[in-house]
Amino acid sequence: MLDGDLSRRLVDAARRRVSDHQDELSRLDAVAGDGDHGVNMATALSEAMERIEASDDPTPAEVFRTTGRAFHDAVGGAAGALFGSFFGAIGGQLNRSDNPATPADMVTGMEKGLTRVMRIGKVEPGQKTMVDALTPAVDAARTASGEGASLARILDAAARAARRGALSTTSLEPRAGRARYAAEQSIGSEDPGACTVALIFEAWAEAVESQG
Amino acid sequence: MLDGDLSRRLVDAARRRVSDHQDELSRLDAVAGDGDHGVNMATALSEAMERIEASDDPTPAEVFRTTGRAFHDAVGGAAGALFGSFFGAIGGQLNRSDNPATPADMVTGMEKGLTRVMRIGKVEPGQKTMVDALTPAVDAARTASGEGASLARILDAAARAARRGALSTTSLEPRAGRARYAAEQSIGSEDPGACTVALIFEAWAEAVESQG
Amino acid sequence: MSVRTRLFLNNPADAVGEMLEGYAAAHSDVIKLSDGMVVRATPKPEGHVGVVIGNGSGHEPAMIGWVGEGLFDVNVPGPIFSSPGPGGIVDGIRAADRGGGVLLLVSSHAGDIMNAELAIDEADDEGIEDVEMVILYDDIASAPKEQITERRGGAGLFFVWKMVGAIAERGASLADCARIVRKARDRTRSLSAAMGTVAHPVSGQPLGDPDDTSVAVGLGVHGEAGTRLGEDVEADHISELMIRRLVEDADLPAGARVGLLLNNGGSLTIMELSVLYRGARAELERRGIKVARSWVGPYATTLDMAGFAFAICQMDSELLALYDAPARGAGFVMPGAH
Amino acid sequence: MSVRTRLFLNNPADAVGEMLEGYAAAHSDVIKLSDGMVVRATPKPEGHVGVVIGNGSGHEPAMIGWVGEGLFDVNVPGPIFSSPGPGGIVDGIRAADRGGGVLLLVSSHAGDIMNAELAIDEADDEGIEDVEMVILYDDIASAPKEQITERRGGAGLFFVWKMVGAIAERGASLADCARIVRKARDRTRSLSAAMGTVAHPVSGQPLGDPDDTSVAVGLGVHGEAGTRLGEDVEADHISELMIRRLVEDADLPAGARVGLLLNNGGSLTIMELSVLYRGARAELERRGIKVARSWVGPYATTLDMAGFAFAICQMDSELLALYDAPARGAGFVMPGAH
Ligand SMILES: Nc1ncnc2c1ncn2[C@@H]1O[C@H](COP(=O)(O)OP(=O)(O)O)[C@@H](O)[C@H]1O
Ligand SMILES: Nc1ncnc2c1ncn2[C@@H]1O[C@H](COP(=O)(O)OP(=O)(O)O)[C@@H](O)[C@H]1O
Ligand SMILES: [Mg+2]
Ligand SMILES: [Mg+2]
Ligand SMILES: [Mg+2]
Ligand SMILES: [Mg+2]
């Protein structure tokens, strides 16, 4: 079950993982983008954790909505809008659920988040964006959840799928985001946003597993 | 004897010699100055030759005055003013002499030129400037001329003295020109203006010698 | 040649905030800082349309230097190269609202559009009505003409900013302001060029290959890569090639009157800008196109990029009058008239 | 970090001439080219004092951008970093002569002074009378205070140019113009800093060690070397140190009112300038000195040098009024008032 404390630990695990890979993410973004993706993600997640720590015993909904807003306020840009809306959608769904929330609530939130990202970003899978990691991750989570799996198993399946999805972007030509103006340069290197998605799900899977 | 044709060939010899050493002179100026001395001198002497070639059978006075004005017009800066006034003074003296002029007229012109340079530049010998090559050159020329030497012998003596003078600037600390603001940097390298003086007298000595 | 990775800053993470403080203090007669936004020192009269823009930092004097009389009412600066989030834009809309409606201008970049759209929804939720958003683009390198709405925003948008600022200052309606914005946009084209690249001041990451010294045409304002022209290209050749592409894209006939803008993308010298301008002007004249007004200088920079952009805007008498209307901003300069 | 040795130019040997053509064409409403000189598009009334300056190129917008109403009447541009020769200066004096006498201003650099002195003699020979030359200096790094007349000219001279331009425009006598020049000069101090160096565009020669990335204080406007401060110095530290040296050299008491100028020596970003300005302003305020007017931007550049200079001028009501008088030049911007 997903309570406020676990939610907080999920965001913190994501923060740590992304910070550790910050330079790599910026380097990936510099290939055809503006080289700030790692800074953006690390900044937003730190801001999120600061706000969460400052609030008193937050609910899961509050944790995820706060995270979404931190992305919107602290980062802006494409990824701020998209990741912020993804976290915000999870928070919105959890707001409609009991506290603690069920794994199924979390999966529904993730599905809503993916839908929002695709609408706001005006992208489909295959355009070399974060959606290429998020779509398989959410699919895998939905399947696992449908089979009645635990949150740990669900997130583990999502993480593996996200990583495969992120790797699959290497050979794609970008069709969205500012990288598309320099499409050729980017072939042969992974999409930074997709890589962040994989890192977040991997951090979540480990965090839930380690709590047993 | 110094006629219009020989005068023209002196300026041309100086032009060729300085152009060949242009990069070296700029490099010397970059040590503590603004790195343009070679360009300045080469530009001025080319401009001088263009003007001289454009005039019909010029007198020695006309050749040297034209050269002085070319320095003033085409280069400006410290060296434009100083070298321009040096050549102009020779021209002014030859204007008062017969055509062709005697070696003694030429030496008197050089003496006047040195005096002007020291007045306009407000420098004495020992301040790491062109004057440290020009002073010994003019002294040597005066001595040789007093002994009744030929123009070839006079210029040869001047060239040797100028080169020794230029080399002697290596160990000096600059006290004039913009190099003085970065005095330490410049110790250990020759003054570019002094080096140009040596190059010019060497070119003159060879040009006169080769004509026999 | 390579990039300057160390700037005269304190902690680079504080650079945007400290810049805003310093800039507002130096120009306190024109602008002030309010909640992280740049606003006019003297607000517009009640009932007039407010004009707002949000944008990433690192492009100064855009847009902090363009807040003032006859220009923007509010600029919401985001992090370096990154549009502000929806919350900031909603604050900007609120600050610009003088009861006559608010025009939210967006230079077409994925992040800017997304955040603006999120902000419009949020403003609507909060009951702020009468907000119109217009997306602007002009960079002919970013999409073919058939997909003109896919193009990104470049230095040509300064024509649009100037004209809408002027008509809003006169008290025109929101609809009329939006009409001018679209009209000016549709008559504007830009194209950029640069040599080398710049580094992101926070990550220190160069945005391109620092050892590639060739000239590229068609870069984005955040250092997004362009097409390499090769080394040792003469300025006249570059100007001619760029003007040709602009004129052809805009279908400008002989006899057309244009405003010509030459944007300093960062560290070009006035010597280079003047030589490039001279070449562009000659090419336009060869084509029988009359340069009625000229702007040469820094408009939208990319930190200290050794690059530039040309932009042209086809004038008519309505646009020309708006272009010539007085304006005042910390980084605003009136165009030269010929 | 290293220097950019290739610029957007045609043949570098033609750069100054082509720059003048392009710059004059872009700003044809303010200036025009005449015999290689930059002159006002609309000359001053008869009987007024003409103000002339000659200087090396490569420092734009100095001084080509400062010709116009309330500023210079004539600028005689020389080759890159090199003052024009006496012939050009005499032409400039002749062009500026409106029958009220001519003021020849010289920024103290060896070559500039020599050529100006030769020109004064030549003008005298030609029967041009009523020419007064004033030599200007402000750079505290170039000589100790006891040898103040040995100091060289720096970015602070823009205070002097502005004030003399204003009083000459009003029709003051030659003596009164010269008095203002000396008064403003004696109340002005400047000091510069930079990292790295630049290359001479014609010779391609870097003017310093291109691999030395440390910050230096006290450079000359032609890239002459300064004193190294070390690497990784914070902007606030540099601002504080420089302002302290300026205030102490000028003996400014608490309560003094100053104009503050922050000159972009070439390629600094507005982000850096704003952060540096913020630090300087804070240091002046800590000392109880009131910043009455601010100028932040490119005044005298050294091509694309990553450097800057601070200058302060102690105001009184006479100088402040001249400082605030309207003026118009292609590169002139009114100071911010606080
Ligand atoms: N329109 C879009 N739809 C989906 N994802 C996008 C879109 N635009 C950008 N992204 C994602 O955002 C990532 C870039 O993020 P970041 O560098 O932080 O933002 P910015 O592009 O504003 O600098 C890309 O790698 C991509 O995954
Ligand atoms: N005041 C002076 N008196 C004599 N010679 C000088 C003086 N100032 C400069 N020079 C000479 O000029 C040379 C520099 O010439 P150049 O680089 O062409 O001029 P600039 O200093 O104007 O760039 C110096 O090496 C020195 O010999
Ligand atoms: Mg990015
Ligand atoms: Mg020199
Ligand atoms: Mg970005
Ligand atoms: Mg020089």
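Numbers restart at 1 for each chain; the letters A, B, ... are given by sequence-line order, proteins then strands.
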_Closest heavy-atom pair and its distance - B:Asp36, D:His200_ = CB-NE2, 3.5 Å
_Restricting to side chain to side chain donor-acceptor pair (under 3.5 Å), what partner residues turn up for D:Asp91, sequence neighbours left out?_
D:Arg94
*Ion pair D:Glu117/B:Lys122, N-O distance below 4.0 Å*: yes
*Is any residue of residues 64-76 of chain B within less than 4.5 Å of chain D by heavy atoms, and which ones?*
B:His72, B:Asp73, B:Ala74, B:Val75, B:Gly76
*Between the side chain of D:Asn115 and the main-chain N/O of B:Gly77, is any donor-acceptor distance below 3.5 Å?*
yes
*Given that the side chain runs from C-beta out, which part of B:Thr43 has a heavy atom under 4.5 Å from chain D: side chain, backbone, both or neither?*
neither
*Considering residues, nucleotides and ligands other than B:Arg160, do more than 12 of their heavy atoms fall under 6.0 Å from its CZ?*
no
*asked:* Looking only at heavy atoms and a cut-off of under 4.5 Å, which of D:Pro206, D:Gly87, D:Pro79 has the most pairs with chain B?
replied: D:Pro79
*Has D:Glu248 got more than 12 heavy atoms of other residues, nucleotides or ligands less than 6.0 Å from its CD?*
yes
*Is it true that atom CG of D:Asp35 has more than 12 heavy atoms of other residues, nucleotides or ligands lying nearer than 6.0 Å?*
no
*Residue D:Ile113 versus chain B: region with a heavy atom under 4.5 Å*: side chain
*Might you confirm whether atom CG of D:Asn11 has over 12 heavy atoms from other residues, nucleotides or ligands at distances under 6.0 Å?*
yes
*Taking only residues two or more places apart in sequence, or in another chain, which ones meet D:Asp73 in a side chain to side chain contact (heavy atoms under 4.5 Å, CB included)?*
D:Arg40, D:Lys44, D:Val51, D:Ala96
*chain B contact via D:Pro86 - side chain, backbone, both or neither, heavy atoms under 4.5 Å*: both
*Any idea which heavy atoms bring D:Met114 and B:Gly121 closest together, and the distance?*
CE-CA, 3.9 Å
*Does D:Ser214 have any side chain to side chain contact (heavy atoms under 4.5 Å, CB included) partners at least two apart in sequence or in another chain, and if so, which?*
D:Asp212, D:Arg228, D:Glu231
